[in-house]
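Reading through the structure tokens given below for one structure.
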There are 2 protein chains.
Amino acid sequence: MTEQELQDSLRARGQRVTPQRILIHRALRELDRHASAEEVLERVTAPLPNASLPTVYATLELFEELGVVHRVPVAGGPTLWDPRTDGHHHLACRSCGRVEDLEGELDTAKLLRAARRRGFRPDSAEVVVGGLCGRCAD
Amino acid sequence: MTEQELQDSLRARGQRVTPQRILIHRALRELDRHASAEEVLERVTAPLPNASLPTVYATLELFEELGVVHRVPVAGGPTLWDPRTDGHHHLACRSCGRVEDLEGELDTAKLLRAARRRGFRPDSAEVVVGGLCGRCAD
DNA sequence: CTTTTTGCAAATGATTTGCATTAAC
DNA sequence: GTTAATGCAAATCATTTGCAAAAAG
């Protein structure tokens, strides 16, 4: 998502366009990996020395509602934020906790049907492949 | 997993069999749903009034290493513990945070291959279907 | 000018650590 | 007897809240 699209998305919901929001979005794009709120703040701190964690948290949550980012809950660590907005899968190292994107098709039709049968209204189906990353598989 | 199997599993790793461990395992089986450490403690407190949270946390982590339980990271809440040891999938309500088991087959061979191509040594592939549960889909 | 957003300080909630005591083996 | 496991109190880590000041529209 471009900066212009973010601004449009914000205005469309009556949300204000602030330097913090622009910079947090830019930080996520530039980090180009799953980052924690702390990591985002660090990156935002260079251009905006007084930026605060509460603002980062509030903004990431807002972005999630706007569909700008995905929240990736992590076992035993801070939740990570993923700037990709398309449905995709994840690799999670159970030793170091690292989470990476994983490309690949998957036929989830059967599972989604099972979910609906349970009264659930599904809107995503993502796989987490667990195991050991190359570095930890020693 | 039966109580006997748990004891064998503990002894096989040189771990001691304690009433706390037996009762925490029993609590998980009897709760028969994804429970938080707090909820496990509550249930253990009846037979063992002095049981403590640190012991519950340490024990659940040990059980995870033994493959006795699964840890389910939850966004915006305490991590939940799942007494099922077979690979299975999850439904996660993005409104109330509830997590339920989901039965169903899935061909993950292609994804696992992609994971290995990335130097990853995968040992599980589980789907999280996100959306709204029946109650929250109003 | 009005209302939202921000930053700061403090609060909360979950989980972990240090350490003396207790219990398994 | 030795060593690991437990319970307690206190610490830590991630995240949220209250509120006055600053900034967006």
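We name chains A, B, ... by the order of the sequence lines, and we start the count at 1 in each one. We use all heavy atoms of the structure for the numbers below, so side chains are in, but hydrogens, waters and symmetry mates are not.
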Counting only side-chain nitrogens and oxygens, does [X] get under 4.0 Å of the OP1 or OP2 atom of [N]?
X	N	value
B/Arg16	D/dT3	no
B/Gln20	C/dA23	no
A/Gln15	C/dT5	yes
B/Tyr57	C/dT15	yes
A/Thr55	C/dG7	yes

Closest-nucleotide mapping onto DNA chain D: is B/Ala51 or B/Gly76 further toward the 5' terminus? I mean the 5' end. B/Ala51
Given that B/Leu48 and A/Val17 both sit by DNA chain D, which one's nearest nucleotide is further toward the 5' end? B/Leu48
[X] [atom1] to [N] [atom2], straight-line distance once rounded to whole Å:
X	N	atom1	atom2	result
A/Leu10	C/dT5	CG	P	9 Å
A/Leu23	C/dT5	CG	P	16 Å
A/Glu38	D/dT15	CD	P	9 Å
B/Leu80	C/dT15	CG	C1'	14 Å
A/Leu53	D/dT17	CG	P	15 Å
B/Glu61	D/dT6	CD	C1'	16 Å
A/Arg21	C/dG7	CZ	C1'	14 Å
A/His25	C/dT5	NE2	P	17 Å

Given [options], the nucleotide with the shortest approach to the side chain of [X]:
X	options	answer
A/Pro54	C/dT6, D/dT6, D/dT16	D/dT16
A/Pro19	D/dG25, C/dC8, D/dA24	D/dA24
A/Thr18	C/dC25, C/dT5, D/dT6	C/dT5

Is it the case that A/Asp101 and A/His89 place a side-chain donor and acceptor less than 3.5 Å from each other?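 No.
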A/Leu28 side chain reached by A/Leu60 side chain, heavy atoms, under 4.5 Å: yes
Could you check whether any side-chain heavy atom of A/Leu10 comes within less than 4.5 Å of a side-chain heavy atom of A/Leu62, counting everything from C-beta outward?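 Of all side-chain heavy-atom pairs linking A/Leu62 with A/Leu10, at least one is under 4.5 Å.
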Pick base, sugar-phosphate or nothing for A/Ala58, based on heavy-atom distances below 4.0 Å to the nucleic acid. nothing
Which part of the nucleic acid does B/Thr79 contact within heavy-atom distance under 4.0 Å: base, sugar-phosphate only, or nothing? sugar-phosphate
Which of these, A/Val99, A/Val69, A/Val72, sits in a side-chain contact (heavy atoms from CB on, under 4.5 Å) with A/Asp82?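 Result for side-chain contact (heavy atoms from CB on, under 4.5 Å) with A/Asp82: A/Val72.
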Heavy-atom pair of closest approach, residues B/Leu112 and B/Ser124: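 Closest approach of B/Leu112 to B/Ser124, heavy atoms only: CD2-O, 4.4 Å.
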